[in-house]
Amino acid sequence: MNLPNLEEARKRTQQKITFIEEPYELSEELKTLGRGKKYYIRTYGCQMNVHDSENIKAILEKMSFTETEELEDADLILLNTCAIRENAHHKMFGFLGRIKHLKEDHPHIITAICGCMAQEESVVEELQKKYKWVDLVFGTHNIHRLPTILERAMSRREQEIEVYSKEGEVIENIPVKRDSKYKAWVNIMFGCDKFCTYCIVPYTRGKQRSRKPEWIVHEVEDLVKQGYQEVTLLGQNVNAYGKDLEEPCNMGNLLELVAKTGIPRIRFMTSHPWDFNDEMIEIIGKYENIMPYVHLPLQSGSDRILKLMGRRYTKQEYLELVSKLKKRIPSLALTTDIIVGFPGETREDFEETLEVVKTCEYDSAFTFIFSPREGTPAAKMKDETPIEEKNKRLYELNDLINEYANLKNQQYLGKKVKVLLEGPSEKEGKLMGYTETMKLVNVDAKEELLGKIVDVEITDIKTWSLDGKVV
Ligand code: 5AD
Ligand code: SF4
């Protein structure tokens, strides 16, 4: 048993990061542990988690498990959890209720909790006290150890917990079963050292650790060989890429290296305004295969709140960055994250956020009400704004965001755009895909065009998507 520890998770030392670069191998016994058994995995949270689930699937399949999409058919159920806001907690515990029912009739089912909630001390305490029937818990740092942990859980049938609150390593060669044949997630770094005061990620994902550029480039080259059309470079704060590497390589350098692999489309997320330098803007503008799309979390438009959030930029600096981006990349689509109702946010602070939204004219935005996360500084800040007022602000903000989103979409009518057709559309007989600027398009197109980047004329504008035909 190894339990998470908040104090440990908070620590950052100068200790060197360990790179584990050996091939990923399993013993003969572990390779057959899942024979005849099915697993079901449910993923909550961000792309990082989605990609972790792709690793978990591949590991399980190396152990001879097969995937099922029917919960009722599963011998092994995994919940890959998110801790970012309170409602992610509720969703997970709600779903556990369903599994408990199922387990009453099928006691052989193994239940596993992993991901960011597994890194939380209080969550694991609750699982130990009230959810003893959950068979195993493992964290974000030891996905590669799943076979061993699972074997122990399957043979002992008592709750198996292995979670480390360490600063972290970089582990290469973890196998992956990608959800798509055309688009791939590629981790470029793990963890985060920014410690924004509201955010739990630095505690659940550890210290910032960048992968070496040669490993990233190698992975992308391999994807190109397999026919992939798009990669999204993933990190909690990609602009800080390389700061922890011994051999200098920053995000601009990395983008250039990846662009030169010839992969048709490159995206990256998430950016922090603080580390977004001119060199990076120049490179995004220079290479055709780096998509003109940036997700740039604002969080708040008030300098006072930004300071309380520990964001390390001012409204003015943010606006200058946006203006530089738009100037160098005229076709840029810009999206953002905004939190309303941060402790102490006044109506005036909120109005400043609205002003920034008006200036930036975002293509879309993810908006949230502040959710206090245990162990973070903001959770201890005095918060006197009633929830009704916070809800009101959220609605008001969403109305404004939608207005601009709609305005942006209208500009596409009759235009010709490039779309990577990636799957069947929800609309019968059509395919769906995204433009370079990340707009969802439902396209009248034959199935043989799947996986191709095609020219599409936009024929209609819907609230959340565009319609088009191949030209
Ligand atoms: N409460 C509300 N929203 C949060 N986010 C992160 N932490 C919190 C929190 N405690 C939002 C931020 C971040 C996005 C991924 O989630 O806007 O950019
Ligand atoms: Fe959720 Fe953050 Fe963990 Fe992603 S990194 S799963 S958003 S808590």
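Just so you know, ligand 1 is whichever comes first in the structure, and atom 1 is the first atom listed for that ligand. Excluded from the calculations below are hydrogen atoms, water molecules and symmetry mates; all remaining heavy atoms, backbone and side chain alike, are included.
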Do [X]'s NZ or CZ and the ring of [Y] fall within the cation-pi criteria of under 6.0 Å and 45°?
{"X": "R373", "Y": "Y198", "result": "no"}
{"X": "K243", "Y": "W274", "result": "yes"}
{"X": "R85", "Y": "F368", "result": "yes"}

Tell me which part of [X] gets within contact of ligand 1: side chain, backbone, both or neither, using heavy atoms under 4.0 Å.
{"X": "F368", "result": "side chain"}
{"X": "I369", "result": "backbone"}
{"X": "I339", "result": "side chain"}

Checklist line | side-chain contact (heavy atoms from CB on, under 4.5 Å) involving T359 - partner list, sequence neighbours excluded | finding: L319
Margin query: Going by salt bridge (charged side-chain N to carboxylate O under 4.0 Å, His left out), name the residues that satisfy it together with D193, two or more places apart in sequence or in a different chain.
Written below: R12
Under 4.0 Å from a heavy atom of [X]: which atoms of ligand 1 are those, numbered in the order shown and with their elements?
{"X": "Q299", "value": "12 (C), 13 (C), 17 (O), 18 (O)"}
{"X": "F370", "value": "1 (N), 2 (C)"}
{"X": "R373", "value": "10 (N)"}

Notebook entry, point to check: Is V201 in contact with ligand 1, taking contact as a heavy-atom separation below 4.0 Å?
Noted result: no
Next item on the list: Return the orientation label for the W215 and H218 ring planes: parallel under 30°, perpendicular over 60°, tilted otherwise.
Entry: perpendicular
